[in-house]
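Keep in mind that this is a model prediction, so the values were computed, not measured.
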Amino acid sequence: MPRPLARVRRHAASCRTVVAAVVTALALHGSALHSKTLAAQAPASNAERYAVIPRPGVLTPKTGAFTLTRTTVIHAPAAFRAVAHRFARDVANPTGFDLTVRTAEAPATTGIVLRKDATLPEEAYTLDVTPAAIVVRASAPAGAFYGLETVKQLLPADIFRDAPLPGITWTAPAVHIEDTPRFSWRGAHLDVSRHFMPKEFVKKYIDLLARHKLNRFHWHLTEDQGWRIEIKKYPRLTEVGSCREQTLVGPYVSDPAKRVFDGKRHCGFYTQDDVREVVAYAAARMVTVVPEIEMPGHAQAAVFAYPQLSSKPDSTPGVMQVWGVSPFILNPSDESVAFMQDVLREVLTLFPSPWIHIGGDEAIKDQWKASPQIQARIKALGLKDEHEMQSWFIRQMDTFLTKQGRRLIGWDEILEGGLAENATVMSWRGMEGGIAAAKAGHDVVMAPGSHTYFDHYQSRDKSKEPLAIGGFTPIDSAYAFEPVPASLTAAEAKHILGAQAQVWTEYIPNAKQVEYMAFPRLSALAEGLWSAKTRKDFPDFMARMQTHLKRLEALDVNFRKLDKPVP
Ligand code: ACM
């Protein structure tokens, strides 16, 4: 029997009362609107002229502006050529300009000039816009790419459209910017297993990440409700594991007799060529794709495809049709270890990511407890209980991935029963798992439900929102999130790589609803992950959002409208 939603139960406990914060947010939003009304008469405010999100470390307004024309030349050293061409391609449609890219090691003084500056960190850049030139300095392509993303945000929002509109002058206001990210892991996750998301949308999502200077896409590819990545050695994973016969309609109900289903098959998976395409698309935008292959839990689709992997092989059900967590988990046998390592071997050929996510969360141990064969295995391996059994299983993957030069990452349940030697922990049940891991010298990505689960409601008034899994995470909570717990020493805090948003799709049936749940909260989280703590300022962010929402409109993002001010 599937369980009720564990995430809902945990969220109910972790959701904080943020009424006061919301009232403040609404009041602040009111002042932003007020300044916009005034803008009709007054010159644009700096928040409008320099509406850069995430907010740069140093931004000094200057006088004048640079105008992009069809004769503007982009000068780039060889190392930044690809980045320069990417920019030229991105602006070609909205401007109608076919900009020339010249490889130039010698410094040019007009046009758009990319310069190498070895003193800067890899993702950092400086940007000087004057009437004569736009100069971006960086040590590596990532920094040059982010500098040019900032340039796009200084241009009119229509730069994010796909065809030229009449009458636009493409000016960027003069400015001096120095910018570097606070965290190296600035991510967003997407569950494509509960509801399959087409490849073209996955690319759009990655593109939106890159425009927010986010650099990790966590692709949740396997689940109880569907296996979504082609594995050549085990074709049944997608032949039968990628389809469920029907899907629960409405909220989860524990009484099977009361459940209503849509009667429609739900299918979908990515071929290995599709995966290569997505990974290359992401790499061109400085985004590392971190694949997640769930084990030993969330594996009902896998054990349906290959019942020999099951902890209860005599009664394996089909691909799961309701939400919740399935008790059908992998048998921790040598055969399952070999099978999952085979799967990972193919995954490694597709994903250059240093990190490979093996899930590890919510593995219900009932079948392990009930199986004499698994109990005998626990004893034979000298393990104390089912938690140590799970740790043993995860350790087999850790050793395997480490030998291949990669790093295992898993949800914080991998701490239970002992953490594998080289594991990185993704802390979702609050910050505690991350704190314990950092204190033990392991790297951590913070992903607590309270601030980063964007499948939660964005409003207390649920009647006006699409059905969601529960919880309440408004934009100001996402903005306020601080990934580094105060209880850590400076040395321990270095293990906090950063944080990421989670978009679980039980109640998110299509791409437009993903956009609605992700934005604008992801814009808020992106600022918290990129900008220095001292640069975070919610009223200023909300003022810049007025312009940023125009960009999201141009990009056809179905973002949730900001709440109206209190009348
Ligand atoms: C999770 O939400 N089960 C990681």
Side-chain angles (χ1 to χ4, degrees), residues 10-32 47 51-57 181-183 185-189 212-214 426-435 438 444-461 465 468 470-488 493 496-503 517-546 548-549 559-563 565-566:
R10 285 173 184 136
H11 290 169
S14 63
C15 281
R16 297 158 312 111
T17 307
V18 286
V19 173
V22 170
V23 170
T24 316
L26 292 171
L28 297 170
H29 183 61
S31 69
V52 180
I53 290 180
R55 194 179 192 199
R182 178 173 175 211
F183 292 105
W185 190 295
R186 307 179 302 278
H189 145 291
H212 289 84
K213 301 186 173 83
L214 296 167
M426 193 167 268
S427 191
W428 73 280
R429 295 176 300 176
M431 308 287 274
E432 294 73 21
I435 292 170
V444 171
V445 175
M446 288 296 188
S450 56
H451 294 74
T452 67
Y453 269 46
F454 293 171
D455 55 342
H456 286 182
Y457 282 100
Q458 307 185 57
S459 166
R460 285 218 181 271
D461 184 0
E465 297 294 318
F472 175 52
T473 304
I475 187 169
D476 56 316
S477 286
Y479 192 85
F481 179 52
E482 170 50 48
V484 180
S487 59
L488 295 184
I496 310 296
L497 303 181
Q500 65 174 38
Q502 276 51 241
V503 182
M517 299 306 277
F519 293 97
R521 290 185 286 192
L522 197 50
S523 307
L525 185 66
E527 182 146 310
L529 298 180
W530 176 280
S531 306
K533 223 168 148 178
T534 51
R535 294 291 285 165
K536 279 181 71 179
D537 178 332
F538 191 62
D540 191 87
F541 168 77
M542 290 298 266
R544 280 175 285 124
M545 274 309 282
Q546 302 304 317
H548 197 67
L549 292 182
F559 59 86
R560 183 182 183 277
K561 305 273 179 293
L562 295 175
D563 289 314
V566 181

Verdict with supporting geometry, T473 and Q502, side-chain contact (heavy atoms from CB on, under 4.5 Å): CA-CA 12 Å; T473 304; Q502 276 51 241; over 6 Å; no
E527 and salt bridge (charged side-chain N to carboxylate O under 4.0 Å, His left out): which single residue from R55, R544, R535 fits? R544
Taking the side chain as every heavy atom from C-beta outward, state whether L529 and P54 have any pair of such atoms under 4.5 Å apart. no
When rounded to the nearest 0.5 angstrom, what distance separates CZ in R186 from CG in L525? 11.5 Å
Quick one: closest heavy-atom pair of G187 and L214, and the distance? N-CD2, 4.2 Å
Smallest heavy-atom separation, M426 atom then W185 atom, equals CE-CZ2, 4.0 Å
Residue set satisfying side-chain hydrogen bond (donor to acceptor under 3.5 Å, both in side chains) with H189, at least two apart, ordered chain then number -> none
Rounded at 0.5 Å granularity, tell me how far CZ in F183 sits from OG in S531. 11.0 Å
Kindly give the heavy-atom pair with the smallest separation between I53 and M545, and that separation in Å. CD1-SD, 3.5 Å
Nearest non-hydrogen partners of S487 and I435, listed with the distance: OG-CD1, 3.9 Å
Shortest non-hydrogen separation from V444 to A438 and the atoms involved: CG2-N, 3.7 Å
Could you tell me which residues satisfy salt bridge (charged side-chain N to carboxylate O under 4.0 Å, His left out) with R560, sequence neighbours excluded, listed by chain and number? E465, D563
Please give me the minimum heavy-atom distance between P483 and I496, naming the atom from each residue. O-CG2, 3.6 Å
Side-chain heavy-atom pair M446, H451 within 4.5 angstrom cut-off: no
Are any of the side-chain heavy atoms of D476 and M542 separated by less than 4.5 Å? no
Would F559 and H548 satisfy ring pair (Phe, Tyr, Trp, His ring centres under 6.0 Å), going step by step from the backbone distance to the final call? CA-CA 11 Å; F559 59 86; H548 197 67; 9.3 Å; no
Measure from the side-chain N and O atoms of S523 to the backbone N and O of A526, and report whether any donor-acceptor pair falls under 3.5 Å. no
With rounding to the nearest 0.5 angstrom, report the NZ to CZ distance, K561 to F519. 14.0 Å
Audit row: H212, L522, side-chain contact (heavy atoms from CB on, under 4.5 Å) steps and yes/no: CA-CA 8 Å; H212 289 84; L522 197 50; 5.7 Å; no
Looking at Y479, I'd like to know if the NZ or CZ of K536 sits under 6.0 Å from its six-membered ring centre while staying within 45 degrees of the ring's axis. yes
The test is side-chain contact (heavy atoms from CB on, under 4.5 Å); show your working for F538 and I475 and say whether it passes. CA-CA 10 Å; F538 191 62; I475 187 169; 4.3 Å; yes
CA sep, side-chain torsions, deciding dist, call: S477, F472, side-chain contact (heavy atoms from CB on, under 4.5 Å): CA-CA 9 Å; S477 286; F472 175 52; over 6 Å; no
